[in-house]
Amino acid sequence: EPEWTYSEGALEEESWPLEYPACGGHRQSPINLQRKKVQYNPSLQVLELKGYDTPTGEFSMINNGHTVQVSLPPTMRMTTSDGTEYIALQMHYHWGGASSEVSGSEHTVDGIRRVIEVHVVHYNSKYESYDVAKDASDGLAVLAAFIEINDYAENTYYSQLISQLANIRYPGQVTTLRDLNIREMLPENVDHYYTYQGSLTTPPCSENVLWFVLANSAFLSRAQVWKMENSLLNHLNETLQNGYRSTQPLNQRVVEANFL
Ligand code: SG4
Ligand code: ZN
């Protein structure tokens, strides 16, 4: 498969559709969440997150050349409002940082980009594996949350992940994290979300992702954000920064929310 980048490289963002036709489709992600156009749906229930808070076991963490990605155990599950159960596979981050005040979330809210965005990728449990689910129209769900800067406190739930970034500076390097509590790495309040039908935000941009973007943010200290933005290198030996796609047209879609 052709190597892709966000800018100046093998296959920059504007050219993704040439090699990956779905990237030029009509239900792409990320999008701008325009609050006055979001449809409140009072029948949407809160997400049920099972096994997110069980801080046990080993998790491999890789620099995959685009981001830092943590493998998650299948005991982590998300059940959505309609009762569909999704199995967690991995989580990864999107950040900016090319100059110190550049934010790098993928979704924006009323045009505002947040500092970092975390994605927990899941697949529909009715499929026997991610490999089968990734090609099914109802195969994937991503839980997304924004991360902002808190100048007053370090987030100790991120200490291990951030200190281990130094061990995976080069693409392809892998390290091990122990006893993570994924629930604590998300916003304190996970009750309120936006939801819409979209795609993977990178090639192949498959249009089979149900998105849940949390309304509330998690927080890291400024120093922690700096380490996230400056610890990893990409395949060109450059600092891995600005790993976010530009927002895509909403087209005929409606974004729903379970809060007013
Ligand atoms: C990141 O590049 C992940 O590392 C990729 O995971 C992921 O691709 C890609 O983002 C798109 O996912 O939640 N942002 S996203 O829409 O999950 C896939 C891997 O390369 C297929 C495994
Ligand atoms: Zn992502």
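Worth saying up front: this structure is predicted, and the values here are computed from it rather than measured. Atoms within a ligand are numbered from 1 in the order they appear, just like the ligands themselves.
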* Listing by chain and number, which residues have a heavy atom under 4.0 Å from ligand 1? -> N64, T67, Q69, Q90, H92, H94, E106, H119, V121, Y130, V142, L200, T201, T202, W211
* Asked: With the Zn ion (ligand 2) at the center, what angle do ND1 from H119 and NE2 from H94 span, rounded to 10 degrees?
  -> 100°
* To do: Look up atom OH in Y6 and atom CH2 in W16, then write down how far apart they are to the nearest 0.5 Å.
  => 5.0 Å
* Is E207 salt-bridged to R27, going by a charged N under 4.0 Å from an acidic O? -> no
* Per the ring-ring contact (aromatic ring centres under 6.0 Å, His included) rule, which among H107, H119, H66 passes with H94? -> H119
* To do: Identify whether the distance between the nearest side-chain nitrogen and carboxylate oxygen of K126 and D138 falls below 4.0 Å.
  => yes
* To do: Examine Y194 together with F259 and report whether their ring centres are nearer than 6.0 Å.
  => yes
* Hey, are R245 and E106 close enough for a salt bridge, meaning a charged N less than 4.0 Å from a carboxylate O? -> no
